[in-house]
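Remarks on the structure that follows.
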Amino acid sequence: MGRDKAAITMGGATLAARTAAMLAACASPVVELGPGRSGVPAVPDAGGGPLAALAAAGTLWADLPDGGAVLVVATDLPRLSAGLLTWLGGHPAGGAVVPLDGAGRPQWLCARYPVAALRALAVTGPGDGRLSTWARSLHPTMAGPEVWLPAAGDPCALDDADDPDDLARLAGRAIPVTPT
C-alpha cells in the first residue's frame, strides 16, 4: 500500500477505528495487536507477521474462558460489516471458522479461532510463521459467501485493500460501522 493501512480514513474514521468499533458491537473484550491506532487497548506487535503477533499475545488468551473463541480481524477490510462479525462470532461450529471470500480464498484474518488453540500457539510459538498453515491445522469450518452474505450485506465484505487500486475499488461503498 505504501502507507499505514490502519491510518487510512474512510467515511470519517480510520480503518483501525472502524474495525474496532464493529468488533466492540459484537465482542468483548476488544484488543488491538499493533501500534495503538484503533482507540482500544493495544498490545504492541513486535513484527514477524500476524501469526507471530497472535503467539506473542499469549497473556491475552490466559484470561479468556475455556471453550471460548476469539475473532481475529485485520484492519484492511474497508467493506467489512458488523453483521458479518456478529455472524462469525455466533457461528454454531465448535472450533475455528474461516469465511471464504468471493473468489473462494480463505480469509484467515477475518476468522474465529478457539481460545485453546491460541493458548497452545503462545506456548509452541509461530512455527513456520504462516497463519494459513497454523489455521489449517485446526481443521476449520470453511464458510462460503452463500452462508455469510446474508449477514454481511455486501459480497465484497471480505475484500482486503492491499494496494491503492484495491482501495480505490472498495472506497466509497464502505458499509457503516453499525448494521442497519
Determine the minimum heavy-atom distance between [X] and [Y], stating which atoms define it.
| X | Y | value |
| --- | --- | --- |
| Ala52 | Gly48 | CB-O, 3.6 Å |
| Ala152 | Ser81 | O-OG, 2.9 Å |
| Cys110 | Leu77 | CB-CD1, 3.8 Å |
| Leu71 | Cys26 | CD1-SG, 4.3 Å |
| Pro150 | Pro145 | CD-O, 4.2 Å |
| Val98 | Pro106 | CG1-CB, 3.8 Å |

Under the salt bridge (Lys or Arg N to Asp or Glu O under 4.0 Å) definition, can you give me all pairs with a residue in residues 103-125, not counting sequence neighbours? Asp66-Arg119, Asp101-Arg105
Hey, could you give me the [atom1]/[atom2] distance between [X] and [Y], rounded to the nearest 0.5 Å?
| X | Y | atom1 | atom2 | value |
| --- | --- | --- | --- | --- |
| Asp76 | Asp159 | CG | CG | 10.5 Å |
| Leu84 | Leu149 | CG | CG | 9.5 Å |
| Arg79 | Arg18 | CZ | CZ | 10.0 Å |
| Leu80 | Leu158 | CG | CG | 7.0 Å |

Going by heavy atoms in the side chains, are [X] and [Y] under 4.5 Å from each other?
| X | Y | answer |
| --- | --- | --- |
| Leu60 | Leu33 | yes |
| Leu54 | Leu131 | yes |
| Arg37 | Thr14 | no |
| Thr19 | Ser38 | no |
| Pro65 | Val115 | no |

Between [X] and [Y], is there shared hydrophobic-cluster membership here, with clusters defined by ILVMFWY side-chain heavy atoms closer than 4.5 Å?
| X | Y | answer |
| --- | --- | --- |
| Leu51 | Val70 | yes |
| Val72 | Leu85 | no |
| Leu121 | Val31 | yes |
| Leu109 | Val40 | no |

Between Trp61 (side chain only) and Ala117 (backbone N and O only), is there a donor and an acceptor less than 3.5 Å apart? no
Donor-acceptor pair, side chain of Glu32 and main chain of Ala20, under 3.5 angstrom: no
Out of the candidates Asp63, Leu23, Leu64, only one should pair with Pro29 under the side-chain contact (heavy atoms from CB on, under 4.5 Å) rule; please name it. Leu64
Not counting sequence neighbours, list each pair that qualifies as a ring-ring contact (aromatic ring centres under 6.0 Å, His included) and has a residue in residues 101-129. Tyr113-Trp134
